[in-house]
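Everything below concerns the one structure shown next.
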Protein chains: 2
Amino acid sequence: MSKHICNCEHCQHKLCAKNVPIFSLLDPEEIEKVVSLIVRRKYSKGEIIVLEGSSLGSLVIINKGRVKAFRHTYEGKEQILYIFSEGDFFGEKNLIINQKATYTVEALEDTNICMISKNDFQILLKEYPAISYKVMEELCNRLIRLENAVESMSIKNVEARISSVLLEFANKYGKPHSKGILVELPLSREGIANYIGLTRETVSRKMSLLQDEGIIEMVGNKKVIIVDKEALEDSINH
Amino acid sequence: MSKHICNCEHCQHKLCAKNVPIFSLLDPEEIEKVVSLIVRRKYSKGEIIVLEGSSLGSLVIINKGRVKAFRHTYEGKEQILYIFSEGDFFGEKNLIINQKATYTVEALEDTNICMISKNDFQILLKEYPAISYKVMEELCNRLIRLENAVESMSIKNVEARISSVLLEFANKYGKPHSKGILVELPLSREGIANYIGLTRETVSRKMSLLQDEGIIEMVGNKKVIIVDKEALEDSINH
DNA sequence: CGACTTTTTGAAATGATTCAAATGATGTGG
DNA sequence: CCACATCATTTGAATCATTTCAAAAAGTCG
């Protein structure tokens with residue numbers, strides 16, 4: 001990981017763009033150009049950044065914070081599709097295929113974003129093919145994530161779905177801890193339920209079960225320690 | 001739709017590549033170059049084209065026929081992720097992020113494919129940015145399809161899921177008919193079940209129900225007439 | 001036409017959901 | 001820093017829909 005020059009309060013130093021995966025192949029001069037096109041904005045926890053069905057007309061890149069992307073089903077439930085954090089982007093569907101937002105995006109915590117207008121981004125894509133390549137990479141990764149989600153949701157074994165999600169969070173947000181891996185959950189029980197298509201009660205019951213088995217340990221409502229990662233992995237494949 | 005010069009038995013005339021969406025922005029000269037890189041192959045119904053976990057090392061474009069892309073869950077069930085037909089491609093994950101196949105691909109009928117090696121395709125991407133753009137477009141569409149699938153699978157109302165799939169098939173494969181839209185189903189009842197995460201018995205029961213309501217009419221096992229498309233659409237949103 | 005495969009239908013079992021209540025966590029103001 | 005009010009989580013019991021297993025009916029193909 002290369003050191004970057006950034007000690008400003010809101011990460012406004014130009015070289016920050018270097019840390020955004022889709023711009024990572026650009027050289028400093030090109031980064032400068034990208035940075036000149038960026039508009040910054042801040043959102044507080046709970047604020048809506050994009051509403052399903054609207055057309056934002058910009059690519060949004062997360063600079064700091066976490067957001068959830070979800071849809072409201074007609075039944076009133078929300079289905080969470082993605083959790084985006086630093087370096088992730090969204091709004092690409094509007095830029096690439098002129099499609100209105102397929103999900104609502106809401107800040108899970110205080111969040112800073114960078115926006116590049118449709119026009120500017122299309123120019124960038126043409127000028128720097130390396131960006132296209134990086135975007136394709138990320139779209140592929142997102143496809144894999146959704147393919148896994150579809151498989152996971154077709155699985156009858158609900159415990160395996162919970163294990164999957166806990167491992168996903170552990171890989172993304174986990175930190176070493178004396179008892180295992182400490183994970184700050186980005187979502188409440190209800191959020192987790194909406195992420196994997198269950199009810200909050202079921203999530204609660206199954207997580208308690210995993211705790212009884214000594215596989216995880218809950219620390220308050222917002223943290224979990226993965227005590228036995230292997231057991232968690234095993235419980236997915238049966 | 002521009003007329004193309006093609007009267008050969010297996011569509012081997014060069015200009016056929018013009019009909020592949022990702023090459024559609026290229027001019028005749030460029031198409032020629034692409035065509036020179038293509039290796040053709042045929043598969044019979046039921047044959048495996050790619051096995052999950054293998055690395056094919058080529059982009060595969062379907063020239064004629066239909067295939068299903070699926071995974072085996074540990075429970076032994078198969079989860080179908082995509083049905084690809086003429087003009088669709090797969091194998092892009094290996095080329096773009098060096099990822100082994102995330103699904104098995106099997107021919108649903110006799111199928112002709114075109115293959116372009118990883119190396120050649122990467123050269124094409126660099127040389128013709130228009131291809132990158134088209135690939136991104138298609139990846140976006142695939143994301144939308146999977147996002148819909150995830151939402152659909154989290155919905156409790158099973159009848160709505162069946163209606164969704166029937167409409168999807170109607171849009172892709174439907175033909176006008178005196179009673180409505182005649183659809184040649186690409187999948188058996190069991191296949192449909194594996195596509196939307198249900199059992200074949202449930203699919204059977206719910207389709208019979210739709211028939212009793214006069215919304216569809218089954219013609220043997222492999223065809224369905226959508227009699228009342230609006231009612232089908234309504235049943236999704238409630 | 002006849003053998004085989006696929007689909008349909010029936011009845012019982014299973015497991016998540018629902019609704020309700022209790023317990024536990026969190027954050028605020030005194 | 002504690003007490004209280006609020007919100008989230010857990011737990012319990014009944015319900016409901018899909019699954020499962022089994023058998024009959026219908027469709028397909030040589």
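Quick caveat: nothing in here was measured; it's all calculated off a predicted structure.
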- Note on the structure: Rounded to whole Å, CD1 of B/I162 lies from P of D/dA17 at a distance of 16 Å

- Task: Using a heavy-atom cut-off of under 4.0 Å over every strand shown, decide if A/S188 touches base, sugar-phosphate, or nothing.
- Result: sugar-phosphate

- Output the single nucleotide from C/dT8, C/dG27, D/dT19 whose closest atom is nearest the side chain of B/L198. D/dT19

- Query: Quick one: A/D212 CG to D/dT11 P, roughly how many Å, whole number?
  - Reply: 8 Å

- Round to the nearest Å and state the distance from B/E109 atom CD to D/dC29 atom P. 13 Å

- Query: At under 4.0 Å, does any side-chain N or O of B/K206 touch on OP1 or OP2 of D/dA17?
  - Reply: no

- Query: 5'-most contact on DNA chain C: A/V219 or B/G220, nearest heavy atom basis?
  - Reply: B/G220

- Between D/dA23 (P) and B/E201 (CD): distance, integer Å: 14 Å

- Message: Need one value for B/M207: base, sugar-phosphate or nothing, where a base atom within 4.0 Å counts as base even if backbone is also close, heavy atoms only.
- Response: nothing

- Query: When you measure from the centre of the six-membered ring of A/F169, is the NZ or CZ of A/K172 under 6.0 Å away and within 45° of the axis?
  - Reply: no

- Grab the two heavy atoms, one from B/Y173 and one from B/E184, that are nearest each other, plus how far apart they are. CB-O, 4.1 Å

- Selection from D/dT18, C/dT9, D/dT11 that lies nearest to any side-chain heavy atom of A/S208: D/dT11

- Message: By the 4.0 Å heavy-atom rule, please label B/K223 as base, sugar-phosphate, or nothing.
- Response: nothing

- Is there a donor-acceptor contact under 3.5 Å from the side chain of A/E106 to the main chain of A/V67? no

- Message: For a quick test of reading the model: is some side-chain N or O of B/T199 closer than 4.0 Å to OP1 or OP2 of D/dT19?
- Response: yes

- Note on the structure: From the candidates D/dT18, D/dT28, C/dT8, the one with an atom nearest any side-chain atom of B/T202 is D/dT18

- Give a yes-or-no answer on whether the side chains of A/E147 and B/T102 include a donor-acceptor pair shorter than 3.5 Å. yes

- Comparing A/V203 and A/N221 on DNA chain C - which has the more 5′ nearest nucleotide: A/V203

- Task: Report yes if a side-chain nitrogen or oxygen of A/R189 is closer than 4.0 Å to either non-bridging phosphate oxygen (OP1 or OP2) of D/dT10; otherwise report no.
- Result: yes

- Query: Any N or O donor-acceptor pair linking the side chain of A/E190 to the base of D/dC7 at under 3.5 Å?
  - Reply: no

- Message: Could you check whether any side-chain N or O of B/N94 sits under 3.5 Å from a backbone N or O of B/G91, counting only pairs where one atom can act as donor and the other as acceptor?
- Response: no

- Query: Taking atom types as they are modelled, is there a donor-acceptor pair under 3.5 Å from the base of C/dT18 to the side chain of A/R205?
  - Reply: yes

